[in-house]
Enquirer: 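Just dropping this structure here.
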Amino acid sequence: MTLSGCSLFSSAEGLLAPPMLSEEQSRVYEALTDAVGSVNLIFPKNGENRSAYIFSDLDGDGSDEAAVFYRRPDGGESVIRLNILDIENGEWRSVYDTAGTGVSVDCALVRQIGGSGRTYIAAGYNLMTAGDKVLEIYSYENGVTERVYSDSYSSFMVTDLTSDGNYELININGNSENQSAYAAMMTEDENGALYEASKVRLSSACIGFESITEGRIAENTAAVFIDEINGNGSVSTEIIYSVDGNLRNPAEVEGSTVLADTQRQSGYSCADADGDGITEIPVTEVCPGYENETEKLLLTNWCVFDNYSIKRKYTGWYNKAQSWVMMFPGRWEGLITMKIDSASGAAVFCRYNENINSSPELMRILAVSAADSEAYYAEGWQLIEQIGDACYMVRLADDSGESLVLTLTEVRNNFYVIE
């Protein structure tokens with residue numbers, strides 16, 4: 001997930017031991033074990049923070065506190081515990097200890113939410129039943145820790161969805177036996193208390209989430225793009241944004257075709273494909289000539305949300321493995337099919353003439369390492385762009401009579417590497 005929240009990665013827990021810790025972590029570890037006895041440190045499985053230790057100025061006093069996830073090894077408890085430690089007279093001291101709701105930590109964030117300047121710990125816990133998770137939010141002020149929020153979740157993030165300079169917590173929940181899918185926005189009221197400011201329904205047909213992307217539908221309008229798995233295995237996108245502090249979901253407006261218009265094969269996630277700051281939705285279609293083939297190549301229509309509808313912005317070839325996109329210029333519209341060179345893996349762009357095998361080649365694109373690029377120059381390849389060690393190369397067809405052969409400038413103007 002491309003956001004300040006949870007994403008799907010693997011990790012291990014219970015592996016850290018004191019010799020592996022930094023000097024400050026070792027001091028915290030010693031204070032923790034002095035207070036509670038032996039511990040097994042627990043690592044969040046997902047998200048940006050994978051450490052059992054979180055250091056942050058939780059109470060705004062100018063110095064960091066430490067939050068540590070652990071489990072007692074004596075077998076008496078299987079649940080995760082959270083301990084808050086503060087510095088008193090130059091020494092770390094345990095000031096709060098509580099049992100978390102789950103058996104492992106899914107992810108954990110430390111963020112300011114709302115306008116008071118208060119910093120919160122948002123901890124997502126996995127429960128015993130696979131897929132069930134609970135989000136708990138804690139505050140720490142004046143030496144007192146308080147659990148201020150608890151609810152189920154499928155995914156959560158902290159972002160400025162209202163574009164007011166303050167951050168909100170967005171809690172996304174899927175369909176279950178006990179509830180319908182929804183997205184809720186948490187922020188602070190005028191007294192600094194955390195509350196649910198707005199909530200919108202999500203599709204009743206959603207059986208899971210493939211990816212969730214933080215982006216924009218316009219220069220000044222932040223949005224969350226939720227790629228949902230449908231019952232037939234396809235994916236559709238719901239777009240959540242805020243108007244005057246209230247969440248909007250255009251897919252739930254009566255008569256909306258957003259879900260149908262964004263339906264596509266799985267594996268294609270929303271992204272700012274052309275780097276203009278606006279998030280595009282990739283909707284796939286079969287390449288010309290592959291309609292009756294067992295293995296189909298797919299073109300990607302990069303679409304945007306505009307005036308409650310989905311509009312195509314570009315059509316192009318998307319190499320997901322190498323994260324690059326070649327958008328088709330206007331004079332290519334409806335005239336291009338694709339092949340993959342089995343030997344090199346290069347994407348081959350062809351003028352479609354009703355037969356894939358005999359469609360004339362216009363160019364091919366391949367990503368190679370900088371060390372290998374010299375050999376390609378010698379074979380007539382040209383550099384489109386280099387990012388780090390990756391060189392993106394093109395070889396244009398040598399056919400002066402073919403009007404669809406692009407110039408190198410045209411290729412560079414229509415080629416993008418997705419960050």
Enquirer: Between Lys199 (side chain) and Ala183 (backbone), is there a donor-acceptor pair under 3.5 Å?
Expert: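 No: the side chain of Lys199 does not pair with the backbone of Ala183.
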Enquirer: Over 60° means perpendicular and under 30° means parallel, so tell me whether Trp381 and Tyr376 are parallel, tilted or perpendicular.
Expert: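 Trp381 and Tyr376: perpendicular rings.
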Enquirer: Would you compute the distance between atom OG of Ser403 and atom CZ of Arg331 and round it to the nearest 0.5 angstrom?
Expert: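 Between Ser403 OG and Arg331 CZ, I get 7.0 Å after rounding to 0.5 Å.
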Enquirer: Working note: Asn178 + Ser176, criterion side chain to side chain donor-acceptor pair (under 3.5 Å); need CA distance, chi angles, decisive distance, verdict.
Expert: CA-CA 5 Å; Asn178 301 320; Ser176 68; 5.0 Å; no
Enquirer: Of all the heavy-atom pairs spanning Arg248 and Tyr308, show the shortest one and how long it is.
Expert: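 For Arg248 and Tyr308, the tightest heavy-atom pair comes out as CD-OH, 4.5 Å.
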Enquirer: Looking at Asn355, I'd like to know if its CG atom is crowded, meaning that more than 12 non-hydrogen atoms belonging to other residues, nucleotides or ligands lie closer than 6.0 Å.
Expert: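 Yes, because the 6.0 Å sphere around CG of Asn355 holds more than 12 heavy atoms from other groups.
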Enquirer: Could you tell me if Asn173 and Tyr182 have a donor-acceptor pair between their side chains, going purely by distance under 3.5 Å?
Expert: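 Per modelled atom types, Tyr182 and Asn173 side chains form a pair under 3.5 Å.
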Enquirer: Please work out which of the three classes, parallel, tilted or perpendicular, describes the rings of Phe55 and Tyr53, given edges at 30° and 60°.
Expert: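 Because their plane-to-plane angle is under 30°, the rings of Tyr53 and Phe55 count as parallel.
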Enquirer: Which atom names give the shortest non-hydrogen contact between Pro44 and Ala52, and what distance separates them?
Expert: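 Taking every non-hydrogen atom into account, CD-N, 4.4 Å.
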Enquirer: Main chain of Tyr96, side chain of Thr145: is a donor-acceptor contact present, judged purely on distance under 3.5 Å?
Expert: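 Answer holds: no.
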Enquirer: One pair to check against salt bridge (charged side-chain N to carboxylate O under 4.0 Å, His left out): Lys45 and Asp106. What are the steps and the verdict?
Expert: CA-CA 5 Å; Lys45 296 175 179 295; Asp106 176 40; over 6 Å; no
Enquirer: Working to the nearest 0.5 Å, report the span between CE of Met327 and CH2 of Trp317.
Expert: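 If I round to the nearest 0.5 Å, the distance is 13.5 Å.
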Enquirer: To the nearest 0.5 Å, tell me how far Ser242 OG sits from Glu168 CD.
Expert: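 Output value for this atom pair is 7.0 Å.
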Enquirer: Classify the ring geometry between Phe69 and Tyr125 as parallel (under 30°), tilted (30 to 60°) or perpendicular (over 60°).
Expert: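 It falls in the perpendicular class, over 60°.
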Enquirer: Test your reading of the model: is there a side-chain donor-acceptor pair from Gln386 to the backbone of Gly388, 3.5 Å cut-off?
Expert: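 Present.
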Enquirer: Within a reach of under 6.0 Å around CG of Asn292, are more than 12 heavy atoms found that belong to other residues, nucleotides or ligands?
Expert: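 It does not: Asn292 CG has 12 such atoms or fewer within range.
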Enquirer: Let me confirm one number: the CD1-CZ distance from Ile365 to Arg395, rounded to the nearest 0.5 Å.
Expert: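 The distance works out to 12.5 Å.
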Enquirer: Which heavy atom of Cys270 sits nearest to which heavy atom of Arg264, and what is that distance?
Expert: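 Here Cys270 and Arg264 meet closest at SG-NH2, 4.1 Å.
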Enquirer: So, for Phe415 and Tyr392, is the gap between ring centers shorter than 6.0 Å?
Expert: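 Between Phe415 and Tyr392, the centre distance is under 6.0 Å.
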Enquirer: Working to the nearest 0.5 Å, report the span between CG of Leu298 and CE of Met338.
Expert: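 So the gap between those two atoms works out to 11.5 Å.
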Enquirer: Between the side chain of Glu402 and the main-chain N/O of Leu404, is any donor-acceptor distance below 3.5 Å?
Expert: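 It does hold such a pair.
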Enquirer: Consider ring pair (Phe, Tyr, Trp, His ring centres under 6.0 Å). Of Tyr314, Tyr318, Phe328, which one does Trp302 pass it with?
Expert: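 Among Tyr314, Tyr318, Phe328, the one meeting ring pair (Phe, Tyr, Trp, His ring centres under 6.0 Å) with Trp302 is Tyr318.
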Enquirer: When rounded to the nearest 0.5 angstrom, what is the spacing between CD1 in Ile226 and OG in Ser236?
Expert: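 That separation rounds to 12.5 Å.
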Enquirer: Please say whether more than 12 non-hydrogen atoms of neighbouring residues, nucleotides or ligands are located less than 6.0 Å from CD in Glu219.
Expert: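 No - once you tally the heavy atoms of other residues, nucleotides and ligands closer than 6.0 Å, there are 12 at most.
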Enquirer: Relative to the ring of Tyr241, is the ring of Phe305 parallel (under 30°), tilted (30 to 60°) or perpendicular (over 60°)?
Expert: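 Aromatic pair Phe305/Tyr241 classed tilted.
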Enquirer: Are any side-chain N or O atoms of Arg71 and backbone N or O atoms of Val103, one a donor and one an acceptor, separated by less than 3.5 Å?
Expert: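 Between the backbone of Val103 and the side chain of Arg71 there is a qualifying donor-acceptor contact (under 3.5 Å).
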Enquirer: Between Glu188 and Tyr120, do the side chains contain an N or O donor and an N or O acceptor separated by less than 3.5 Å?
Expert: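 There is such a pair (donor and acceptor under 3.5 Å, judged by atom type) between the side chains of Glu188 and Tyr120.
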Enquirer: Are any side-chain N or O atoms of Thr237 and backbone N or O atoms of Asp227, one a donor and one an acceptor, separated by less than 3.5 Å?
Expert: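 Side chain of Thr237 to backbone of Asp227, a donor-acceptor pair under 3.5 Å: no, none is there.
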Enquirer: Is the count of non-hydrogen atoms from other residues, nucleotides or ligands lying under 6.0 Å from Arg201 atom CZ greater than 12?
Expert: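 No, not enclosed.
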Enquirer: Kindly check if the number of other-residue, nucleotide or ligand heavy atoms within 6.0 Å of CD (Glu419) is above 12?
Expert: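 Not buried by this count: 12 neighbours or fewer within 6.0 Å.
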Enquirer: Scan residues 278-300 for pairs that pass salt bridge (charged side-chain N to carboxylate O under 4.0 Å, His left out), counting only residues two or more places apart or in two chains.
Expert: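 Sorted result for residues 278-300: Glu280-Lys313.
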Enquirer: I'd like to know whether CG of Asp244 has more than 12 heavy-atom contacts from other residues, nucleotides or ligands below 6.0 angstrom.
Expert: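 No - once you tally the heavy atoms of other residues, nucleotides and ligands closer than 6.0 Å, there are 12 at most.
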Enquirer: Can you tell me if Ser116 uses its side chain to pair, donor with acceptor, with the backbone of Arg118 under 3.5 Å?
Expert: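 Answer holds: yes.
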